**Q** 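Attaching a single structure in structure tokens format; questions to follow.
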Amino acid sequence: MNPAAGLAYACNARVLGPAALRAARLHAEWQARGGAGRSPHLAPPLRVAPRCKEMVARHWLEGRYVQGVRKVAWVTSGAPVEFLTALGFYLLYPENHAAICGTARVAVDLAAAAEEAGYSRDLCSYVRTDLGSLFSGRTPVGRLPRPDLLLACTNICQTVLFWYRVLAEHFGVPLVIVDTPFVYGEEASPNSLRYVGTQIDEAIVVAEKVAGRALSARSFERVATRSRRATELWLEILQRNRHVPAPISAFDQFVLMAPIVELRGQAATVDLYAAMLCEVDERIRRGVASVREEKYRVLWDNLPIWFRLRAVAELLAERRIAVVASTYTNAWGELAPYLDPASPRESMIRAYTYPILNRGTGHKLHIMQGMIDDYHLDGVILHSDRSCKPYSLGQMDQRERLTGGLKRPALLLEADHNDMRCYADEQAATRLAAFAEMLEAQR
Amino acid sequence: MPALPAIAARAEVIRHHRQQGGQVAAVLPVHAPRALLRAYGFLPVEVWGPPGVRTSDGASHLQPYVCSIVRNALSFLLSGGLDATDLILVPHACDSLQGLGSILLDFIKPRQPVVPLYFPRSEGAGAHRFLAEELRRVATRMGEITSRAPAADEILQYVVDEETGDRLLLELHETRRQLPLNNADFYRLVRSREYLPREAFETAARQALAMRHPDSAPGKTLLLSGVVPEPTSLMAALDERQVQIVADDTLCSRRRVCPPGRSSDPFERLSQSWLGGPPDSTRGSSMAARSDYLVRQVAASGACGVIFYLVKFCEPELFYLPTLRKALQRKGVPSVVLEVDLNDALSQQMLTRLDALLEMIP
């Protein structure tokens, strides 16, 4: 370890920074108690929300000072990371970073830097945001640590493969690819599972080499246990929304999901979600609804529109529409049964082969149909996300079946998860208002 | 310039094959397991779009930000364009083709069986084992469809025969400068590999190679990169300007001419061959491998500039573009990007950009 880096890390990432973030959390909690910034239509954020924000902020703060102290891996959101956590890597999720930029509404400025470097506007806006950040050196999180290792798993899209090829070229560090063959039917073939297993084995070897130590079976199991527990808790939190009225909205979930993506496998994440579950249960006991006058309950499909999260939530809540479930947030919970801490390697193979984005369009329809029944839903908003083809392709047929066979109004909302230039407020408001009328007519 | 030997049209070839009692497989981009299809009695006919179809049929299933190759292919199927085919093979070349394969299997359910084929993206030994097994799975599925069960030796012979076809295709590309064919005819010849039975393609290729002339000195010379040379009006525009494409790096032609495999097992051999092919965006090759390859192609062919003829929304190609252009720039090779939709004519603006490129080269 570099002594200067170690000292800066100890002071800033372990003492001063966390103290400042703790103070910010206490301030946020105090403000929330006073009712600051409350919407007339939406319930206040969960009391645990500032704690969640503090946890995520600490993670990014650590990233500012971690260089030279811990090994750093940049990973895709669906990558098998339990062995990296067990090996002590600091994990950075470029997708989460891009989402932070989207929420902070700096994504378009950053994307422009990537576009100037020749990257087409037709490429995913997460990629353009992150590459723009890399090329310009600008980021709302202060500084991104340089990776020692890159890990891309194709279980969410092929885009990440190309994206990480660009990163590998830029940084000149090892890139490990875990390629997960797309599951067209019900089950992945034994050949596919064997192939994924071989790649995970190879990835572990490379990660051990970069980390300079061997993977301990005990650590691996411990991390897998925490991953499983956090995932189970997350799923339980989501499933509490089967209650009418729903205690939290999908828009809350989009924000609260950050730790299950980037801090999976850590003890603090398990504690956070355990506390969150308690608070959600308390809301149910007290009859607190995420949308005060909940009348319609709908499903959100695809990534959120990060730069209009609050605006869309308010717009729907005004019309007494509660978005109570989302295929996106559900994706980080539905794999819990696959994770078996007793055999982390084997269970990782299945858990990371079966995410919703690595499965067919019919499977996603089946998941949505199940959620409609389980969560007592009246309709579906399908975010046709220009930047996410794997998630969006199939939505037109899915909508037809939802409106036809299931008789549920389903809206195809054209937008983009990060690029504001692909979103028209007026048009979206008109479409959502029309959707509200459809829900009304259906009753 | 001498005329190109007669090449039968796609529809005519399909009709003839069916009249002989054969079956036809529609194969979407990029990697077509021709030998396997032939071993099971199918004539593989590749579907790169095609251009000029009524796209409204596909538009009710696919969003407008999906490339025109995929949108047109679906429109073509839905409008009856693939009625003469008995199987649809969908290789997993990109997220859009993945989506199309899935929509076909889960929702549209065409009359023809739909068989997906996953091409591995990792580079370890596991990828080779996976691909060989995946090809075995495809063969098993074709056996179920056709009730045929060719022996391994028989399949191997088809693999070896198709390697000959690929070798001739490679030779056409490598001797391009000596072939007294204009661009339109040359691409008509090399792209006939997409639908002609291997035997017919070999005949046409050998006839063309016999026309080689060492003095066929072209004027300005370019390398053509991209997905597919459509709209073909580009070729007419280049011919008008007396520019010759002396090297090809398109996904539909040179970039998928793979070296022969070594194994005596047909599936292993095909896997070895495909994984040993030129660096390619759809396989997710490294940026360095892809740009080194392109720069080498430019140097070997003596091309003075490069046209990137891209289909709009083609993510794999768009990702590599900045790196490739930078690598060419370092070597002093000018390039231009022409991004097209298969259904649009080549615009005046694009021709102006092409002319700007030509002004930069000797």
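So you know, we letter chains A, B, ... as the sequences are listed, proteins then strands, and number each from 1. None of these values were measured; they are calculated from a predicted model.
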**Q** Do any of residues 183-191 of chain A have a heavy atom less than 4.5 Å from a heavy atom of chain B, and if so, which, in residue order?
**A** A/Y184, A/N191
**Q** With sequence neighbours excluded, give me every side chain to side chain donor-acceptor pair (under 3.5 Å) pair touching residues 162-174 of chain A.
**A**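 Of all non-adjacent pairs touching residues 162-174 of chain A, those that pass side chain to side chain donor-acceptor pair (under 3.5 Å) are A/R165-B/E123.
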**Q** Pick one of side chain, backbone, both or neither for A/R401, based on which atoms fall under 4.5 Å of a heavy atom in chain B.
**A**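 For A/R401, side-chain heavy atoms alone lie under 4.5 Å from chain B.
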**Q** Given that the side chain runs from C-beta out, which part of A/A168 has a heavy atom under 4.5 Å from chain B: side chain, backbone, both or neither?
**A** neither
**Q** Enumerate the residue pairs fulfilling salt bridge (charged side-chain N to carboxylate O under 4.0 Å, His left out) with a member in residues 103-121 of chain B, sequence neighbours excluded, ordered by first and then second residue.
**A**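 Pairs touching residues 103-121 of chain B that pass the test: none.
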**Q** Does any backbone or side-chain atom of A/Q199 lie under 4.5 Å from a heavy atom of chain B? Answer side chain, backbone, both or neither.
**A** side chain
**Q** Just checking, is any N or O donor in the side chain of B/Y65 or A/S384 under 3.5 Å from an acceptor N or O on the other one?
**A** yes
**Q** Mind checking which of residues 68-77 of chain B sit less than 4.5 Å from chain A, heavy atom to heavy atom?
**A** none
**Q** Under 4.5 Å, counting heavy-atom pairs only, tell me which of A/G197, A/S120, A/P181 racks up the most with chain B.
**A** A/P181
**Q** B/S122 and A/Y195: side-chain donor and acceptor closer than 3.5 Å?
**A** yes
**Q** If we define contacts as heavy-atom pairs under 4.5 Å, which of B/P322, B/P64, B/S286 has the most with chain A?
**A** B/P322
**Q** Can you tell which part of A/E400 gets under 4.5 Å to a heavy atom of chain B, answering side chain, backbone, both or neither?
**A**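 A/E400 has no heavy atom closer than 4.5 Å to chain B.
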